[in-house]
Amino acid sequence: MQLSKDEFRRLGYMAVDMASSYLAELSVRPVFRQMEERERQSLMNMPLPVTPLSGDEILRVIAEQILPHPMGNGHPRFFGWVNSPPAMMAVVTEILAAAMNPSCAGGDHAAIYLEHCAVRWLMQLIGFPIEGSAGLLVSGGSAASLTALAAARHRALGQLGIDVRAKGVSGAPVELRLYASTHVHSCIQKAVELFGLGSECIRWIEVDEDFQISLDGLRQAIQEDLRQGRRPFCIAGSAGSVQTGAIDPLNELADIASEFGLWLHVDGAYGAVAMLDPGTRPLLAGIERANSVVLDPHKWLSVPVECGCVLVRDGELLRNAFSLVPSYLRTEPGKGIGNLPWFAEYGFQQTRGFRALKLWVTLAHAGSSGLEQQIAGQIALARYLEQRIEAMPDFELRSKGKLSIVCFRYVPEALAGDDNALDALNKKLMERVQAGGTAFLTSATLAGRFALRACILHYGTAEGDIDAMLEIVRSTALQVMNQ
Ligand SMILES: *Cc1c(COP(=O)(O)O)cnc(C)c1O
(Lines give C-alpha, C1' and ligand atoms only; values in the text may rest on other atoms or scores of the structure.)
Protein backbone atom coordinates (compact mmCIF):
# COMPACT_ATOMS: atom_id res chain seq x y z
CA MET A 1 0.00 0.00 0.00
CA GLN A 2 2.92 2.30 0.58
CA LEU A 3 5.19 3.83 -2.05
CA SER A 4 8.36 5.78 -1.52
CA LYS A 5 8.10 9.45 -2.36
CA ASP A 6 10.17 9.00 -5.53
CA GLU A 7 8.19 5.97 -6.68
CA PHE A 8 4.92 7.80 -6.08
CA ARG A 9 6.14 10.71 -8.20
CA ARG A 10 7.39 8.49 -11.00
CA LEU A 11 4.16 6.50 -11.26
CA GLY A 12 2.04 9.60 -10.70
CA TYR A 13 3.70 11.41 -13.58
CA MET A 14 3.16 8.37 -15.78
CA ALA A 15 -0.53 8.36 -14.90
CA VAL A 16 -0.79 12.08 -15.61
CA ASP A 17 0.86 11.54 -19.00
CA MET A 18 -1.61 8.76 -19.74
CA ALA A 19 -4.57 10.92 -18.73
CA SER A 20 -3.42 13.94 -20.70
CA SER A 21 -2.85 11.89 -23.86
CA TYR A 22 -6.15 10.14 -23.37
CA LEU A 23 -8.07 13.40 -23.05
CA ALA A 24 -6.21 15.08 -25.90
CA GLU A 25 -6.75 12.19 -28.31
CA LEU A 26 -10.37 11.42 -27.45
CA SER A 27 -11.92 13.52 -30.17
CA VAL A 28 -9.95 11.86 -32.97
CA ARG A 29 -10.82 8.38 -31.77
CA PRO A 30 -14.17 6.64 -32.34
CA VAL A 31 -16.89 7.96 -30.04
CA PHE A 32 -17.62 4.39 -29.02
CA ARG A 33 -16.30 1.00 -29.94
CA GLN A 34 -18.05 -2.21 -29.02
CA MET A 35 -15.83 -4.54 -27.06
CA GLU A 36 -14.95 -7.92 -28.44
CA GLU A 37 -16.10 -10.91 -26.44
CA ARG A 38 -12.49 -11.86 -25.78
CA GLU A 39 -11.78 -8.42 -24.33
CA ARG A 40 -14.87 -8.51 -22.12
CA GLN A 41 -14.01 -11.92 -20.77
CA SER A 42 -10.41 -11.07 -20.16
CA LEU A 43 -11.40 -8.15 -17.93
CA MET A 44 -14.23 -9.90 -16.11
CA ASN A 45 -12.39 -13.11 -15.43
CA MET A 46 -8.98 -11.79 -14.52
CA PRO A 47 -7.69 -13.82 -11.58
CA LEU A 48 -6.60 -12.04 -8.41
CA PRO A 49 -2.80 -12.12 -8.55
CA VAL A 50 -1.12 -13.96 -5.70
CA THR A 51 2.15 -12.19 -6.20
CA PRO A 52 1.75 -8.42 -6.39
CA LEU A 53 1.68 -6.63 -9.73
CA SER A 54 4.11 -3.75 -9.88
CA GLY A 55 2.91 -0.19 -10.40
CA ASP A 56 4.30 -0.28 -13.94
CA GLU A 57 2.42 -3.49 -14.71
CA ILE A 58 -0.78 -2.03 -13.35
CA LEU A 59 -0.47 1.08 -15.47
CA ARG A 60 0.24 -1.13 -18.49
CA VAL A 61 -2.99 -3.10 -17.96
CA ILE A 62 -4.90 0.17 -17.69
CA ALA A 63 -3.26 1.52 -20.86
CA GLU A 64 -3.84 -1.63 -22.87
CA GLN A 65 -7.14 -3.01 -21.65
CA ILE A 66 -9.09 -0.23 -19.97
CA LEU A 67 -8.43 3.21 -21.48
CA PRO A 68 -9.14 2.02 -25.06
CA HIS A 69 -12.78 1.28 -24.12
CA PRO A 70 -14.48 4.38 -22.76
CA MET A 71 -18.24 4.78 -22.54
CA GLY A 72 -18.08 7.54 -25.12
CA ASN A 73 -19.17 10.53 -23.10
CA GLY A 74 -15.81 12.25 -23.37
CA HIS A 75 -16.30 12.77 -27.10
CA PRO A 76 -17.84 15.97 -28.51
CA ARG A 77 -20.11 13.91 -30.78
CA PHE A 78 -21.54 11.93 -27.87
CA PHE A 79 -25.19 12.95 -27.57
CA GLY A 80 -26.45 10.00 -25.53
CA TRP A 81 -28.38 9.94 -22.23
CA VAL A 82 -27.33 12.69 -19.79
CA ASN A 83 -23.61 12.08 -19.51
CA SER A 84 -21.05 14.81 -19.84
CA PRO A 85 -17.28 14.88 -20.24
CA PRO A 86 -15.25 15.57 -17.10
CA ALA A 87 -14.13 19.08 -16.18
CA MET A 88 -10.40 18.67 -16.68
CA MET A 89 -9.24 20.73 -13.73
CA ALA A 90 -11.27 18.44 -11.48
CA VAL A 91 -9.57 15.41 -13.05
CA VAL A 92 -6.26 16.94 -12.07
CA THR A 93 -7.30 17.48 -8.46
CA GLU A 94 -8.94 14.10 -7.90
CA ILE A 95 -5.56 12.72 -6.95
CA LEU A 96 -5.45 15.23 -4.10
CA ALA A 97 -8.89 14.25 -2.81
CA ALA A 98 -7.73 10.63 -2.87
CA ALA A 99 -4.48 11.52 -1.14
CA MET A 100 -6.32 13.24 1.71
CA ASN A 101 -8.97 10.51 1.77
CA PRO A 102 -11.16 12.07 4.47
CA SER A 103 -14.51 10.72 5.50
CA CYS A 104 -16.97 13.52 5.13
CA ALA A 105 -19.37 12.06 7.66
CA GLY A 106 -18.51 15.15 9.64
CA GLY A 107 -15.90 16.64 11.91
CA ASP A 108 -13.58 19.58 11.95
CA HIS A 109 -11.52 19.30 8.78
CA ALA A 110 -11.29 21.24 5.54
CA ALA A 111 -13.37 18.87 3.42
CA ILE A 112 -16.43 19.52 5.59
CA TYR A 113 -16.25 23.28 5.24
CA LEU A 114 -15.57 23.02 1.53
CA GLU A 115 -18.73 20.93 1.11
CA HIS A 116 -20.74 23.58 2.95
CA CYS A 117 -19.23 26.17 0.61
CA ALA A 118 -19.81 24.25 -2.62
CA VAL A 119 -23.39 23.38 -1.68
CA ARG A 120 -24.08 27.02 -0.86
CA TRP A 121 -22.70 27.98 -4.27
CA LEU A 122 -25.14 25.57 -5.89
CA MET A 123 -28.01 27.07 -3.89
CA GLN A 124 -26.96 30.52 -5.06
CA LEU A 125 -26.62 29.45 -8.67
CA ILE A 126 -30.18 28.13 -8.80
CA GLY A 127 -31.70 30.75 -6.49
CA PHE A 128 -32.59 28.32 -3.69
CA PRO A 129 -33.05 30.00 -0.29
CA ILE A 130 -30.00 29.42 1.91
CA GLU A 131 -31.10 30.42 5.42
CA GLY A 132 -32.57 27.42 7.22
CA SER A 133 -32.01 25.06 4.29
CA ALA A 134 -29.75 22.02 4.25
CA GLY A 135 -27.92 20.43 1.38
CA LEU A 136 -25.45 17.63 0.92
CA LEU A 137 -23.63 15.79 -1.80
CA VAL A 138 -24.66 12.26 -2.66
CA SER A 139 -23.90 9.79 -5.43
CA GLY A 140 -26.36 11.28 -7.92
CA GLY A 141 -29.89 12.35 -8.65
CA SER A 142 -31.40 9.03 -7.60
CA ALA A 143 -29.82 9.09 -4.16
CA ALA A 144 -30.68 12.79 -3.89
CA SER A 145 -34.38 12.18 -4.60
CA LEU A 146 -34.40 9.27 -2.19
CA THR A 147 -32.99 11.52 0.52
CA ALA A 148 -35.43 14.36 -0.14
CA LEU A 149 -38.48 12.13 -0.36
CA ALA A 150 -37.55 10.50 2.94
CA ALA A 151 -38.00 13.94 4.48
CA ALA A 152 -41.32 14.37 2.67
CA ARG A 153 -42.54 11.04 4.01
CA HIS A 154 -41.30 11.88 7.51
CA ARG A 155 -43.26 15.13 7.46
CA ALA A 156 -46.42 13.63 6.00
CA LEU A 157 -46.68 10.86 8.55
CA GLY A 158 -45.61 13.19 11.35
CA GLN A 159 -48.58 15.39 10.49
CA LEU A 160 -50.77 12.34 11.00
CA GLY A 161 -49.23 11.76 14.40
CA ILE A 162 -47.12 8.83 13.22
CA ASP A 163 -43.42 8.55 13.93
CA VAL A 164 -42.49 6.78 10.70
CA ARG A 165 -39.00 6.05 11.96
CA ALA A 166 -40.41 4.00 14.83
CA LYS A 167 -43.61 2.66 13.33
CA GLY A 168 -42.82 2.39 9.62
CA VAL A 169 -45.44 3.08 7.00
CA SER A 170 -47.66 0.30 8.23
CA GLY A 171 -48.59 2.63 11.08
CA ALA A 172 -50.24 5.03 8.62
CA PRO A 173 -54.00 5.22 9.06
CA VAL A 174 -54.53 6.26 5.42
CA GLU A 175 -52.92 5.60 2.07
CA LEU A 176 -50.40 8.24 1.05
CA ARG A 177 -50.35 9.57 -2.50
CA LEU A 178 -47.55 11.11 -4.51
CA TYR A 179 -48.22 12.90 -7.83
CA ALA A 180 -45.87 12.95 -10.77
CA SER A 181 -46.16 13.17 -14.52
CA THR A 182 -45.63 10.12 -16.66
CA HIS A 183 -42.34 11.73 -17.75
CA VAL A 184 -40.79 11.98 -14.29
CA HIS A 185 -37.55 10.04 -13.84
CA SER A 186 -37.80 6.43 -12.66
CA CYS A 187 -35.82 7.20 -9.50
CA ILE A 188 -39.00 8.65 -7.98
CA GLN A 189 -40.71 5.29 -8.30
CA LYS A 190 -37.64 3.44 -7.02
CA ALA A 191 -37.62 5.69 -3.96
CA VAL A 192 -41.26 5.15 -3.01
CA GLU A 193 -40.86 1.43 -3.55
CA LEU A 194 -37.91 1.40 -1.19
CA PHE A 195 -39.85 3.39 1.39
CA GLY A 196 -42.40 0.60 1.55
CA LEU A 197 -45.09 2.87 0.19
CA GLY A 198 -45.47 0.73 -2.91
CA SER A 199 -45.43 2.07 -6.45
CA GLU A 200 -49.22 2.20 -6.40
CA CYS A 201 -48.99 5.22 -4.15
CA ILE A 202 -47.93 7.18 -7.24
CA ARG A 203 -50.67 8.88 -9.22
CA TRP A 204 -49.30 9.19 -12.72
CA ILE A 205 -50.49 12.42 -14.32
CA GLU A 206 -50.68 12.81 -18.08
CA VAL A 207 -48.51 15.32 -19.90
CA ASP A 208 -49.63 17.92 -22.42
CA GLU A 209 -48.25 18.30 -25.94
CA ASP A 210 -45.13 19.96 -24.53
CA PHE A 211 -44.58 17.01 -22.18
CA GLN A 212 -45.36 19.14 -19.12
CA ILE A 213 -47.55 17.81 -16.34
CA SER A 214 -51.26 18.49 -16.88
CA LEU A 215 -52.32 20.87 -14.11
CA ASP A 216 -55.99 20.01 -14.57
CA GLY A 217 -55.18 16.33 -14.38
CA LEU A 218 -53.14 16.93 -11.22
CA ARG A 219 -55.90 18.89 -9.52
CA GLN A 220 -58.52 16.31 -10.41
CA ALA A 221 -56.38 13.46 -9.11
CA ILE A 222 -55.75 15.22 -5.79
CA GLN A 223 -59.43 16.02 -5.33
CA GLU A 224 -60.48 12.53 -6.21
CA ASP A 225 -58.01 11.05 -3.72
CA LEU A 226 -59.24 13.39 -1.00
CA ARG A 227 -62.84 12.36 -1.70
CA GLN A 228 -61.82 8.75 -1.35
CA GLY A 229 -60.13 9.35 1.98
CA ARG A 230 -56.55 9.06 0.80
CA ARG A 231 -53.77 11.37 1.91
CA PRO A 232 -52.00 13.35 -0.82
CA PHE A 233 -48.53 14.23 0.46
CA CYS A 234 -46.16 15.12 -2.35
CA ILE A 235 -45.87 16.44 -5.89
CA ALA A 236 -42.69 15.49 -7.75
CA GLY A 237 -42.13 17.87 -10.63
CA SER A 238 -39.43 17.89 -13.30
CA ALA A 239 -37.09 20.78 -13.97
CA GLY A 240 -35.85 19.22 -17.19
CA SER A 241 -37.20 15.76 -17.91
CA VAL A 242 -34.76 13.17 -19.10
CA GLN A 243 -36.65 12.41 -22.32
CA THR A 244 -37.24 15.90 -23.72
CA GLY A 245 -35.97 18.41 -21.16
CA ALA A 246 -39.55 19.49 -20.41
CA ILE A 247 -39.92 21.77 -17.42
CA ASP A 248 -43.12 21.40 -15.41
CA PRO A 249 -44.75 24.74 -14.49
CA LEU A 250 -43.08 25.05 -11.09
CA ASN A 251 -44.92 28.13 -9.82
CA GLU A 252 -48.25 26.50 -10.54
CA LEU A 253 -47.09 23.30 -8.85
CA ALA A 254 -46.00 25.35 -5.83
CA ASP A 255 -49.44 26.99 -5.74
CA ILE A 256 -51.21 23.64 -5.81
CA ALA A 257 -48.80 22.22 -3.23
CA SER A 258 -49.47 25.06 -0.82
CA GLU A 259 -53.22 24.95 -1.45
CA PHE A 260 -53.36 21.28 -0.45
CA GLY A 261 -50.50 21.26 2.03
CA LEU A 262 -48.25 19.02 -0.10
CA TRP A 263 -44.49 18.73 -0.30
CA LEU A 264 -43.12 20.01 -3.61
CA HIS A 265 -40.10 18.04 -4.79
CA VAL A 266 -38.34 19.26 -7.93
CA ASP A 267 -36.13 16.88 -9.88
CA GLY A 268 -33.63 19.21 -11.48
CA ALA A 269 -30.93 16.54 -11.80
CA TYR A 270 -30.42 17.52 -15.39
CA GLY A 271 -32.06 20.92 -15.82
CA ALA A 272 -31.87 22.96 -12.61
CA VAL A 273 -28.60 24.54 -13.68
CA ALA A 274 -30.37 26.10 -16.66
CA MET A 275 -31.11 28.80 -14.05
CA LEU A 276 -27.67 30.06 -15.06
CA ASP A 277 -28.91 31.10 -18.48
CA PRO A 278 -30.79 34.41 -18.17
CA GLY A 279 -32.88 33.53 -21.22
CA THR A 280 -34.04 30.23 -19.73
CA ARG A 281 -34.30 31.26 -16.07
CA PRO A 282 -37.94 32.48 -16.27
CA LEU A 283 -39.03 28.98 -17.31
CA LEU A 284 -37.78 27.63 -13.97
CA ALA A 285 -39.47 30.31 -11.88
CA GLY A 286 -40.90 28.76 -8.73
CA ILE A 287 -37.97 26.41 -8.13
CA GLU A 288 -37.14 28.56 -5.11
CA ARG A 289 -40.53 27.66 -3.60
CA ALA A 290 -39.88 23.92 -3.59
CA ASN A 291 -39.52 21.98 -0.36
CA SER A 292 -36.70 20.03 -1.98
CA VAL A 293 -34.63 20.25 -5.15
CA VAL A 294 -32.25 17.73 -6.66
CA LEU A 295 -29.44 18.61 -8.99
CA ASP A 296 -26.66 16.59 -10.50
CA PRO A 297 -23.38 18.44 -10.88
CA HIS A 298 -22.06 15.32 -12.63
CA LYS A 299 -24.38 16.06 -15.54
CA TRP A 300 -24.53 19.51 -17.04
CA LEU A 301 -21.78 20.99 -14.86
CA SER A 302 -19.29 18.30 -15.94
CA VAL A 303 -18.14 17.47 -12.43
CA PRO A 304 -16.54 14.02 -12.71
CA VAL A 305 -18.94 11.21 -11.77
CA GLU A 306 -20.30 10.77 -9.07
CA CYS A 307 -21.66 14.01 -7.73
CA GLY A 308 -25.32 14.62 -6.98
CA CYS A 309 -26.81 17.16 -4.63
CA VAL A 310 -29.99 17.32 -2.56
CA LEU A 311 -31.32 20.60 -1.20
CA VAL A 312 -34.06 20.68 1.42
CA ARG A 313 -35.74 23.90 2.46
CA ASP A 314 -36.39 22.80 6.04
CA GLY A 315 -32.93 21.63 7.05
CA GLU A 316 -33.99 20.63 10.55
CA LEU A 317 -36.70 18.39 9.16
CA LEU A 318 -34.17 16.56 6.97
CA ARG A 319 -32.00 16.09 10.02
CA ASN A 320 -34.94 14.71 11.97
CA ALA A 321 -35.64 12.24 9.19
CA PHE A 322 -32.13 10.75 9.33
CA SER A 323 -30.16 11.69 12.43
CA LEU A 324 -29.44 8.74 14.66
CA VAL A 325 -27.34 10.67 17.12
CA PRO A 326 -29.09 10.95 20.47
CA SER A 327 -30.12 14.57 20.95
CA TYR A 328 -27.72 15.01 23.88
CA LEU A 329 -24.80 14.13 21.60
CA ARG A 330 -25.76 16.45 18.80
CA THR A 331 -23.25 19.13 18.05
CA GLU A 332 -24.35 22.62 18.80
CA PRO A 333 -23.13 25.87 17.31
CA GLY A 334 -20.21 27.27 19.24
CA LYS A 335 -19.70 24.22 21.44
CA GLY A 336 -17.07 21.49 21.35
CA ILE A 337 -15.08 20.49 18.27
CA GLY A 338 -16.67 20.67 14.86
CA ASN A 339 -19.53 22.90 15.80
CA LEU A 340 -21.48 22.06 12.67
CA PRO A 341 -23.82 19.07 12.70
CA TRP A 342 -22.44 16.06 10.88
CA PHE A 343 -23.44 15.52 7.25
CA ALA A 344 -24.13 11.90 8.20
CA GLU A 345 -27.13 13.18 10.17
CA TYR A 346 -28.79 14.41 6.97
CA GLY A 347 -28.70 11.32 4.84
CA PHE A 348 -28.18 7.61 4.70
CA GLN A 349 -24.42 7.46 4.25
CA GLN A 350 -21.98 7.59 7.10
CA THR A 351 -18.53 7.42 5.52
CA ARG A 352 -18.76 9.93 2.70
CA GLY A 353 -16.18 10.71 0.02
CA PHE A 354 -14.56 14.06 -0.68
CA ARG A 355 -16.93 14.91 -3.55
CA ALA A 356 -16.84 18.53 -2.56
CA LEU A 357 -13.33 19.03 -3.91
CA LYS A 358 -14.14 18.21 -7.53
CA LEU A 359 -17.35 20.25 -7.32
CA TRP A 360 -15.63 23.24 -5.78
CA VAL A 361 -12.77 23.01 -8.30
CA THR A 362 -15.13 22.81 -11.27
CA LEU A 363 -17.25 25.76 -10.16
CA ALA A 364 -14.26 27.89 -9.19
CA HIS A 365 -12.35 27.13 -12.38
CA ALA A 366 -15.27 28.09 -14.62
CA GLY A 367 -16.54 30.97 -12.49
CA SER A 368 -20.20 31.85 -12.62
CA SER A 369 -19.62 33.67 -15.92
CA GLY A 370 -18.00 30.61 -17.47
CA LEU A 371 -20.79 28.36 -16.26
CA GLU A 372 -23.40 30.72 -17.62
CA GLN A 373 -21.63 30.85 -20.96
CA GLN A 374 -21.43 27.08 -21.18
CA ILE A 375 -25.06 26.41 -20.29
CA ALA A 376 -26.37 29.19 -22.54
CA GLY A 377 -24.12 28.01 -25.37
CA GLN A 378 -25.39 24.44 -25.20
CA ILE A 379 -29.00 25.59 -25.08
CA ALA A 380 -28.28 27.68 -28.17
CA LEU A 381 -26.74 24.66 -29.91
CA ALA A 382 -29.92 22.67 -29.23
CA ARG A 383 -31.98 25.45 -30.83
CA TYR A 384 -29.60 25.36 -33.78
CA LEU A 385 -30.15 21.62 -34.10
CA GLU A 386 -33.92 22.18 -34.05
CA GLN A 387 -33.69 24.79 -36.77
CA ARG A 388 -31.61 22.52 -38.94
CA ILE A 389 -34.11 19.69 -38.47
CA GLU A 390 -37.06 21.91 -39.28
CA ALA A 391 -35.36 23.07 -42.45
CA MET A 392 -34.87 19.53 -43.79
CA PRO A 393 -37.87 17.72 -45.25
CA ASP A 394 -36.49 14.26 -44.46
CA PHE A 395 -36.18 15.02 -40.72
CA GLU A 396 -39.01 15.51 -38.28
CA LEU A 397 -38.80 17.25 -34.91
CA ARG A 398 -40.51 15.21 -32.18
CA SER A 399 -40.13 17.47 -29.15
CA LYS A 400 -39.49 21.12 -28.55
CA GLY A 401 -37.87 21.23 -25.13
CA LYS A 402 -36.35 24.44 -23.90
CA LEU A 403 -33.06 22.95 -22.67
CA SER A 404 -30.32 21.03 -24.46
CA ILE A 405 -32.26 17.91 -25.50
CA VAL A 406 -33.77 17.52 -28.97
CA CYS A 407 -35.85 14.55 -30.10
CA PHE A 408 -36.40 13.87 -33.78
CA ARG A 409 -36.61 11.13 -36.35
CA TYR A 410 -35.60 10.47 -39.89
CA VAL A 411 -38.61 10.44 -42.21
CA PRO A 412 -37.83 9.53 -45.82
CA GLU A 413 -40.56 10.44 -48.24
CA ALA A 414 -41.27 6.78 -49.03
CA LEU A 415 -42.16 6.02 -45.41
CA ALA A 416 -44.01 9.22 -44.50
CA GLY A 417 -47.11 8.37 -42.48
CA ASP A 418 -46.05 4.78 -41.76
CA ASP A 419 -45.24 5.02 -38.05
CA ASN A 420 -44.36 1.36 -37.62
CA ALA A 421 -41.87 1.44 -40.46
CA LEU A 422 -40.43 4.70 -39.13
CA ASP A 423 -39.99 3.18 -35.66
CA ALA A 424 -38.12 0.23 -37.16
CA LEU A 425 -35.94 2.37 -39.42
CA ASN A 426 -34.98 4.85 -36.73
CA LYS A 427 -34.22 2.16 -34.17
CA LYS A 428 -32.02 0.33 -36.61
CA LEU A 429 -30.21 3.43 -37.70
CA MET A 430 -29.59 4.46 -34.08
CA GLU A 431 -28.00 1.09 -33.34
CA ARG A 432 -25.88 1.40 -36.43
CA VAL A 433 -24.79 4.96 -35.62
CA GLN A 434 -23.85 3.87 -32.09
CA ALA A 435 -21.80 0.94 -33.33
CA GLY A 436 -20.25 3.01 -36.11
CA GLY A 437 -18.36 5.22 -33.69
CA THR A 438 -18.80 8.50 -35.55
CA ALA A 439 -21.55 9.89 -33.29
CA PHE A 440 -23.66 8.58 -30.43
CA LEU A 441 -27.40 9.08 -30.03
CA THR A 442 -29.93 7.42 -27.79
CA SER A 443 -33.70 7.29 -27.98
CA ALA A 444 -36.93 8.32 -26.29
CA THR A 445 -40.43 6.97 -26.66
CA LEU A 446 -42.72 9.91 -27.31
CA ALA A 447 -46.44 9.52 -27.87
CA GLY A 448 -45.78 5.80 -28.21
CA ARG A 449 -43.28 6.29 -31.03
CA PHE A 450 -39.54 5.81 -31.31
CA ALA A 451 -37.56 9.04 -31.47
CA LEU A 452 -33.86 9.72 -31.74
CA ARG A 453 -32.68 11.81 -28.84
CA ALA A 454 -29.69 14.12 -28.74
CA CYS A 455 -28.58 15.64 -25.46
CA ILE A 456 -25.93 18.33 -25.81
CA LEU A 457 -23.73 18.52 -22.72
CA HIS A 458 -20.17 18.51 -24.00
CA TYR A 459 -18.11 21.67 -23.59
CA GLY A 460 -16.36 20.90 -26.86
CA THR A 461 -19.42 20.35 -29.07
CA ALA A 462 -19.77 22.95 -31.83
CA GLU A 463 -22.18 23.59 -34.70
CA GLY A 464 -19.96 21.51 -36.97
CA ASP A 465 -20.54 18.47 -34.75
CA ILE A 466 -24.30 19.00 -34.97
CA ASP A 467 -24.11 19.24 -38.78
CA ALA A 468 -21.95 16.14 -38.93
CA MET A 469 -24.32 14.19 -36.70
CA LEU A 470 -27.29 14.99 -38.92
CA GLU A 471 -25.34 13.95 -41.99
CA ILE A 472 -24.36 10.69 -40.27
CA VAL A 473 -28.00 10.01 -39.40
CA ARG A 474 -29.10 10.62 -42.97
CA SER A 475 -26.40 8.53 -44.63
CA THR A 476 -26.93 5.70 -42.13
CA ALA A 477 -30.67 5.76 -42.82
CA LEU A 478 -30.02 5.50 -46.56
CA GLN A 479 -27.71 2.53 -45.96
CA VAL A 480 -30.29 0.80 -43.80
CA MET A 481 -33.01 1.36 -46.41
CA ASN A 482 -30.88 0.12 -49.29
CA GLN A 483 -30.35 -3.27 -47.71
C1 LIG B 1 -29.95 11.41 -14.40
C2 LIG B 1 -31.26 11.82 -13.85
C3 LIG B 1 -31.74 11.29 -12.66
C4 LIG B 1 -30.99 10.21 -11.90
O5 LIG B 1 -29.78 10.71 -11.42
P6 LIG B 1 -28.51 9.75 -11.24
O7 LIG B 1 -27.41 10.71 -11.05
O8 LIG B 1 -28.38 8.96 -12.51
O9 LIG B 1 -28.77 8.90 -10.06
C10 LIG B 1 -32.93 11.75 -12.18
N11 LIG B 1 -33.65 12.66 -12.86
C12 LIG B 1 -33.23 13.19 -14.01
C13 LIG B 1 -34.07 14.22 -14.71
C14 LIG B 1 -32.02 12.80 -14.55
O15 LIG B 1 -31.58 13.33 -15.70
Side-chain angles (χ1 to χ4, degrees), residues 71 73 78-87 122 126 135-150 152 178 180-194 202 204 207 210-213 234-248 250 253 264-275 280 283-284 287 290 292-311 347-349 352-353 355 358-359 362 375 378-379 382 399 401-407 442-446 453-458:
M71 173 180 165
N73 53 327
F78 181 89
F79 301 102
W81 304 295
V82 193
N83 296 110
S84 52
L122 290 178
I126 68 159
L136 69 160
L137 302 181
V138 293
S139 61
S142 306
S145 275
L146 183 76
T147 308
L149 293 175
L178 177 145
S181 89
T182 50
H183 277 232
V184 87
H185 191 273
S186 57
C187 68
I188 302 294
Q189 178 170 341
K190 273 193 186 173
V192 303
E193 288 175 2
L194 211 57
I202 302 178
W204 297 107
V207 292
D210 291 324
F211 305 104
Q212 294 172 305
I213 191 168
C234 181
I235 302 171
S238 291
S241 74
V242 72
Q243 292 98 321
T244 68
I247 303 164
D248 288 332
L250 302 180
L253 291 188
L264 176 60
H265 175 67
V266 173
D267 179 359
Y270 157 57
V273 293
M275 284 292 282
T280 309
L283 303 173
L284 291 148
I287 197 168
S292 52
V293 174
V294 157
L295 61 162
D296 250 352
H298 68 202
K299 289 186 173 157
W300 214 339
L301 293 179
S302 279
V303 174
V305 170
E306 303 165 344
C307 188
C309 181
V310 53
L311 306 176
F348 187 72
Q349 267 189 285
R352 304 170 66 252
R355 295 190 173 102
K358 58 190 174 182
L359 172 59
T362 303
I375 301 280
Q378 285 156 348
I379 290 173
S399 73
K402 300 288 189 287
L403 302 180
S404 71
I405 294 173
V406 178
C407 295
T442 50
S443 65
T445 304
L446 300 178
R453 176 184 167 287
C455 180
I456 301 165
L457 288 185
H458 198 298

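What you are looking at is a predicted structure, and each value in this text was computed from that prediction instead of being measured. Counting starts at 1 for both ligands and their atoms, in listed order.
When each atom of ligand 1 is checked for a heavy atom of Ala269 under 4.0 Å away, the hits are 2 (C), 3 (C), 10 (C), 11 (N), 12 (C), 14 (C). Under a 4.0 Å criterion applied to the non-hydrogen atoms of Gly240, ligand 1 contributes the atoms 13 (C). Close contacts between ligand 1 and Ser142 involve ligand atoms 4 (C), 5 (O), 6 (P), 9 (O) [criterion: under 4.0 Å to a heavy atom]. Remark: ligand 1 atoms within the under-4.0 Å shell around heavy atoms of Tyr270 are 15 (O).
Residues Met71 and Phe78 come closest through the heavy atom pair O-CE1, 3.9 Å. Nearest heavy-atom pair across Ala274 and Ile375 is CA-CG2, 3.9 Å.
Annotation: His298 places an N or O atom under 3.5 Å from an N or O atom of ligand 1; distance criterion only. Residue contacts with ligand 1: Val82 is placed with no nitrogen or oxygen under 3.5 Å of a nitrogen or oxygen of the ligand (distance criterion only). By the 3.5 Å distance cut-off applied to N or O atoms, Asp296 is counted among the residues near ligand 1.
Shown are Val266, Ile287, Leu122; of these, the side-chain contact (heavy atoms from CB on, under 4.5 Å) with Leu295 is made only by Leu122.
Interatomic distance, Ser241 OG to Asp210 CG, rounded to the nearest 0.5 Å: 11.0 Å. Between atom CZ of residue Phe79 and atom CG of residue Asn73 there is a gap of 13.0 Å, rounded to the nearest 0.5 Å. Between Cys307 atom SG and Asp296 atom CG the span is 8.0 Å, to the nearest 0.5 Å.
The protein heavy-atom contact nearest to atom 15 (O) of ligand 1 is Lys299 NZ, 2.9 Å. Among protein heavy atoms, the minimum distance from atom 11 (N) of ligand 1 is reached at Asp267 OD2, 2.6 Å. Here the protein heavy atom with the shortest distance to atom 10 (C) of ligand 1 is His185 CG, 3.2 Å. The single protein non-hydrogen atom nearest to atom 6 (P) of ligand 1 is Gly141 N, 3.3 Å, given as residue, atom name and distance.
Checked against ring pair (Phe, Tyr, Trp, His ring centres under 6.0 Å), His185 has no partners two or more places apart in sequence or in another chain. Under the salt bridge (charged side-chain N to carboxylate O under 4.0 Å, His left out) criterion, Glu306 pairs with Arg355, sequence neighbours left out.
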